[in-house]
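Chain identifiers are assigned alphabetically (A, B, ...) following the order of the sequence lines, protein sequences preceding nucleic acid strands; residue numbering begins at 1 within each chain. Scope of the values below: all heavy atoms of this structure, side chains included, with no hydrogens, waters or symmetry mates.
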2 protein chains.
Amino acid sequence: MVCYHAALIYWEPGAFMSETFYARVARDLAEGIASGRFPVGSRLPRELDLCTQYEASRHTVRAAIQELQGLGLVSRKKRAGTRVENSSSTRGYRQSLASVEDLVQFGAAHRRVVQNIGDVVVDRGLARQLGCAAGRAFLRISSLRLNGDADAPPIGWTDVYIDPAYAQLRDVIGEYPEVLINDLIEARYGRRIAEIRQDVQALALSAKLARALNAKAGAPALRIIRRYLDQAGEAFEISVTIHPADRFTFSMCLRRERG
Amino acid sequence: MVCYHAALIYWEPGAFMSETFYARVARDLAEGIASGRFPVGSRLPRELDLCTQYEASRHTVRAAIQELQGLGLVSRKKRAGTRVENSSSTRGYRQSLASVEDLVQFGAAHRRVVQNIGDVVVDRGLARQLGCAAGRAFLRISSLRLNGDADAPPIGWTDVYIDPAYAQLRDVIGEYPEVLINDLIEARYGRRIAEIRQDVQALALSAKLARALNAKAGAPALRIIRRYLDQAGEAFEISVTIHPADRFTFSMCLRRERG
DNA sequence: ATTGACAATATGTCCGGACATAAATATCAA
DNA sequence: TTGATATTTATGTCCGGACATATTGTCAAT
């Protein structure tokens, strides 16, 4: 079975948000890693050199590296320096998505094909699934998640529910992964994400979904529900992704050595 | 359906490991929260007061609070101070289990009943499941996970595979949750955990497991495989837990607001 | 009573420096 | 060649201070 690691991408923030110095350093280093300037297994310049390079204090440089460490991009040892980690082993889900620049994405070869966009009103069953009040209206975008291989069966089905107030985004929504929608909402409407909560469950595939996913009805599948909450604790976007069990493993790194 | 949040407990380190100052402060504050000295919703003393109280610099106090923040125990706002968070909403799985003192546990009412202890040799199928080489020998401890309610069906089944070298722990193993076994190994054998990796999958219940869990064969279930790796990347403990889909949701907090 | 301006405050960011510590390397002795 | 020992080095921890910024609370004006 193919195992898909959820990957992290360091995102260039829009001009609308000011960036702190250490975040700037962190992003620059992350881009250096992504671009291959710092290959996997190589060592980052030592802290003091980074200090002179960025004209920053050691404290700032350390805060930046700490960010990368939290993302699992680098590991550190006392005398050995800061090592760039292997992506395939470190691109697991990191918890401390500290800043808005962090993006969670599927593999590089991944494609997303929008199947349907329409308005829905939450009924009793959906309300329990989404964890919101019944009767609420949403704009729902349904899409298939495909691997690079055209012949391979789809790896998942995603329903994204967003507040109808943001329906103006309808045109651009199809082109972006759902996580980006939050950035769009944040940029255009100023509604900030205060918290992202995620539930992972098992379920049996419905006949309809099984048909869409080219799988057997009743087959076990993974359901990942992600809720984007604002400061009031209200969800303004909810995404539900369903992966047939034989095509997806949700992998994460719970702890990595400090040093 | 009942939703079980994986909980975090701040663990008092053994005498064998030296504690840094900021970790000491963090632990003290965490114990204050756990004991109710700092009730949920209350505010922690402000940084400068903590500085005088612990006779530490503000930098150190901030490092301690940052630890608590990473664990989801507190949230901070610029003028509003540091707030103790509601356990039920913050005890979700945190990724940045920064130090050995962190423990991951199931709910308070949870019980664990050992069903079977015995030696196994890894065959082809199990090797693929565990992600280790076939032919390797393990000591396997199988146990049921029960909720407080005696009548309720079990919420899961756990197989813990540990290196036969640690078979001397056999007597005490039954009494501790599997995560503690690592601490025992670490304390007695000095083998350090360098990394914990976790995979979450869906699967259909086998007839045997279904019988043990009082569920239907073929019913969807969640499988959580956790690997404890040493510095060489070799797993010295692997735990496999299976939860029927209707009795377990794996909930986690991906991001919480910085401020 | 609502709104606006202003000051107070607690956290956020950043700087400089100092010493401790673990691990890689070099050195020397057996 | 092996083994123990000393040195070097890059990160870990901790201190002190300074200014920025967001939020709250207060008070005055409409």
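- The CD-C1' distance, from B:Glu47 to C:dT9, rounds to 12 Å in whole Å.
- Heavy atoms only, all atoms of each residue included: A:Ile162 and A:Phe138 are closest at O-CD2, 3.3 Å.
- Contact between the side-chain N/O atoms of A:Thr20 and the OP1/OP2 oxygens of C:dG12 is not found at any separation under 4.0 Å.
- A:Ala56 comes within 4.0 angstrom of sugar-phosphate atoms only, judged by non-hydrogen atoms across all strands, and of no base.
- Judged by atom type and distance alone, A:Arg79 does not reach the base of D:dG12 through any side-chain donor-acceptor pair under 3.5 Å.
- Distance A:Arg58 CZ to C:dG16 P: 13 Å, rounded to the nearest Å.
- Here the shortest heavy-atom pairing between A:Glu55 and A:Phe21 reads O-CE2, 4.1 Å.
- Rounded to whole angstrom, the span from the CG atom of A:Leu50 across to the P atom of D:dT11 amounts to 8 Å.
- Between A:His59 and A:Ala80, it is A:His59 whose nearest contact on DNA chain C lies nearer the 5' terminus.
- When distances are taken from the side chain of A:Phe21 to each of C:dC14, C:dA10, D:dG12, the shortest belongs to C:dC14.
- Atom OH of B:Tyr22 and atom C1' of D:dT13 are 8 Å apart (whole Å).
- Taking the nucleotide of DNA chain C with the nearest heavy atom to each of A:Val61 and B:Leu48, the more 5' of the two is matched to B:Leu48.
- Rounding to whole angstrom units, NZ of residue A:Lys78 and C1' of C:dT25 are separated by 18 Å.
- With the end axes of the helix from C:dA1-D:dT30 to C:dA30-D:dT1 each set by five pairs, the angle from one to the other reads 20° at 10° resolution.
- Taking each heavy atom of B:Arg58 and B:Cys51 in turn, the nearest pair found is CA-SG, 3.3 Å.
- The side chain of B:Thr82 places no N or O atom within less than 4.0 Å of a non-bridging phosphate oxygen (OP1 or OP2) of C:dA10.
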